[in-house]
> 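This structure is in structure tokens; I'll ask about it shortly.
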2 protein chains.
Amino acid sequence: MTRDRLPRVRLRDVAERAGVSVTTVSFVLNERPGSGISVETRDRVLRVAREMGYRPNAAARSLRTQVTNTIGLISDQIVTDNYGGDLIRGALATALQHDHLLIVVESQDDPEVERHLVEDLLARQVDGIILATITSDRIQLPGIRHGRTVLLNCTSSHALPAILADELGGGREAANALLRAGHRHGIFLVGEVTDTLRPARERHRGVTAALGEAGAELEGMIGCRWWPESAYDAVSTQLSSREAPRALICLNDRVAFGAYQALADAGLRIPDDVSVVSFDDSELARWLRPQLTSVALPYFDMGRIAVESVLGLSQEWAHAPDQEHLVAMPVRERGSIAAPRSGAAPA
Amino acid sequence: MTRDRLPRVRLRDVAERAGVSVTTVSFVLNERPGSGISVETRDRVLRVAREMGYRPNAAARSLRTQVTNTIGLISDQIVTDNYGGDLIRGALATALQHDHLLIVVESQDDPEVERHLVEDLLARQVDGIILATITSDRIQLPGIRHGRTVLLNCTSSHALPAILADELGGGREAANALLRAGHRHGIFLVGEVTDTLRPARERHRGVTAALGEAGAELEGMIGCRWWPESAYDAVSTQLSSREAPRALICLNDRVAFGAYQALADAGLRIPDDVSVVSFDDSELARWLRPQLTSVALPYFDMGRIAVESVLGLSQEWAHAPDQEHLVAMPVRERGSIAAPRSGAAPA
DNA sequence: GTGAAAGCGCTAACAC
DNA sequence: GTGTTAGCGCTTTCAC
């Protein structure tokens, strides 16, 4: 509210006050190399510009240079999501480092809105577009035809670069953490594995692969939704009907949370009776008691890489455009894993 | 990566193809009232524009109109924060509704970065600036001199509009929830109250006020940091050394989480033995067992109001510029409050 | 070493 | 009803 925009100082104003032409001022301010401006003139222009509080008009400059130093980030609802923020933050920080600004928009998963947003972004001549989803995996692309577009945390049928978490590798990490502690038997996967949900599918595959290579295998699956409540119910049922598992691989921290509650209610101790490992490494992992060993989602890095790609300055990327770029998921070891209680004989 | 920007269709291209002047096209496309364009011409222009995929160049338009339809949102690290996302989301959604785009930047609390960002935003002629913090409260303002600036979740010494959560009212809500259930005695506040941290200070004041009006009072304070671990320790200590409290008012959900753990370890049941009420209404509140009654942080609304203010279209706001605008914190009743076990005699 | 001037794509006053 | 044209503030070629 209150007073409106202040009158802007133009290049011409600075030029007049400094007693030179706009060209000179432009050259000085843009530090144009080889434009032999005398040191005195240079200093004078600089001083006057500062005194007058000159600030270049980005619209005018963009109109002229065809460059906006702006990247558009369209997401379905990333900002909303708890973990998703890191995706944005990585992109934000990196864009800033490279002197770009990020325009963040959310489509709320509405294709119509999304189309409109793309239009708007294109009209603003953004230098690049990042298309992100929180759900990972997904296909429908709005009618984007912008030279520099990258997919963040999703894929499409179009030949576009995509930045994804290496969920398969993450699955291996989780299994290996258990294997390192000596676990071979009584390992259960807790969560919901479907073919359509990439993270779950890949994590599962990674787990089975790593376990298999060590001559071990999953004892079973405890199916539940991605929420604590559902996990609590499923794990409780499992505990009451069968022999207690020795280790739980939970498909995310919220599921692990539910499992913790169920384990506690059943009088089982973590990690003494049951080891638990999980995915996402959300804040929850540090809040649980004992703190939860979790395989981290590399969202910050993914955001960073997306911007680097869209800006065309990612080396690793340069020789493999139009491809999936997998970002490692490191395991964060905490206190929820211990050696199996009754020393299980290695298979 | 891959191919670069596509050649753009200009207004002139559309005009030529449609066999009219640019003025006509401009008038048609901008739906300028009272510019008697014949229906045939209008339709033809519209059709041609669509066929050619015309999209106005925002830079050129802004240069001409002095309006960018863009709002800059500078935060210290809101995007990062778990709850903070809603602040952005509210702003994002509202900006979109009013056909504006949001440029989100984070200063990471670095004043130097912040200054730079403000410069950049101003250079881009944003129509307004929203300055947000996640910590609430704070004073130092970068050298902003933009007509339309509002403070979101913070205040300053400058005479700028500020959108804040009504933490005092929220404190009353929390206390009232307990009072309604019949609690009068054995009520403890869990958390860290200091004069410098507005949310804690105001919540505390609200609690005491509401309690006082009902002839009750806080039995004591259980001091701890804002994290589960710290809360767990503090509450555990309290439980082992003194009579068990009948109700806990936790200064946020994370503290409540720690309290839940401590209560469980002490064999106390929620809400039968001890009632718990908290603040923030984060996802955690729904994950806890029993689900936690919590006073919600109205972040989405705050973001919305900030944009409406900066755009100058908030009625409630219009007649009270340069003032603090408090947004109500509604209590979300769940299962963590019950009548006190041993019927306490009303004071 | 410095300046004049063209032009980026658009809007809008003014002319016809 | 429709077209001509002047600029918005900047970069940059070319001339001096």
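Each chain gets a letter, A, B and so on, in the order its sequence line appears, and its residues count up from 1.
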> Confirm from the modelled atom types if B/T23 and C/dA12 form a donor-acceptor pair under 3.5 Å, side chain to base only.
yes
> Starting from C1' on D/dT2, measure out to CZ on B/R12 and report it in whole angstrom.
18 Å
> Using heavy-atom distances to pick each residue's nearest nucleotide on DNA chain C, tell me which of A/T41 and A/V22 is more 5'.
A/T41
> Counting any heavy atom closer than 4.0 Å, what does B/V20 reach on the DNA or RNA strands: base, sugar-phosphate only, or nothing?
sugar-phosphate
> Whole-Å distance between D/dC10 C1' and A/N69 CG?
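Interatomic distance, CG of A/N69 to C1' of D/dC10: 15 Å.
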> For salt bridge (charged side-chain N to carboxylate O under 4.0 Å, His left out), just list the numbers for A/R124 and A/D120, CA-CA rounded to whole Å, side-chain angles, deciding distance to a tenth of an Å, and then say yes or no.
CA-CA 6 Å; A/R124 282 162 200 260; A/D120 212 338; 3.1 Å; yes
> Tell me the interatomic distance from B/Q125, atom CD, to D/dC8, atom P, rounded to whole angstroms.
14 Å
> Atom CG of B/L102 and atom CD1 of B/I71: how far apart are they, to the nearest 0.5 Å?
6.0 Å
> For B/S62, report the nucleic acid contact type (base, sugar-phosphate, nothing); a contact means any heavy atom under 4.0 Å.
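Answer is nothing: B/S62 stays at 4.0 Å or more from every strand.
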> Atom CG of A/N30 and atom P of D/dG9: how far apart are they, to the nearest Å?
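Atom-to-atom, A/N30 to D/dG9, this comes out as 17 Å.
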> Does B/R61 have a side-chain nitrogen or oxygen under 4.0 Å from the phosphate oxygens OP1 or OP2 of C/dT11?
yes
> Determine: side-chain N/O of B/S26 to OP1/OP2 of C/dT11, distance under 4.0 Å, yes or no.
yes
> When you match B/T65 and B/R44 each to their closest nucleotide on DNA chain D, which lands nearer the 5' end?
B/R44
> Heavy atoms under 4.0 Å, any strand shown: does B/R64 hit a base, just sugar-phosphate, or nothing?
base
> Starting from C1' on C/dC8, measure out to CG on B/L63 and report it in whole angstrom.
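In whole Å, C/dC8 C1' lies 9 Å from B/L63 CG.
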> Quick check on C/dC8: is either OP1 or OP2 less than 4.0 Å from any side-chain nitrogen or oxygen of B/N57?
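Checking B/N57 against C/dC8: no side-chain N or O falls below 4.0 Å of OP1 or OP2.
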> Which nucleotide, C/dC8, D/dC8, D/dT11, lies nearest any side-chain atom of A/L11?
D/dT11
> Could you tell me how far apart B/Q66 (CD) and C/dG9 (P) are, to the nearest whole angstrom?
19 Å
> Output the rounded distance in Å from CG (A/L29) to P (D/dC10).
9 Å
> How is A/T24 classified with respect to the nucleic acid when contacts are heavy atoms under 4.0 Å: base, sugar-phosphate, or nothing?
sugar-phosphate
> Assess the side chains of A/T68 and A/D127: does a donor N or O sit below 3.5 Å from an acceptor N or O?
yes
> Counting any heavy atom closer than 4.0 Å, what does B/R10 reach on the DNA or RNA strands: base, sugar-phosphate only, or nothing?
sugar-phosphate
> Would one find more than 12 heavy atoms of other residues, nucleotides or ligands at under 6.0 Å from atom CZ of A/R47?
yes
> Taking only the side-chain heavy atoms of A/F27 (C-beta and beyond), determine which of D/dC10, D/dT12, D/dC8 contains the nearest atom.
D/dT12
> Locate the shortest heavy-atom distance separating B/S38 from B/T41; write the atom from each residue and the value.
OG-OG1, 2.5 Å
> Crowded around A/R44 CZ? As in, over 12 foreign heavy atoms under 6.0 Å?
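Buried by this count: over 12 neighbours within 6.0 Å.
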> Can you tell me how far P of C/dG1 sits from CG of A/D43, to the nearest Å?
15 Å
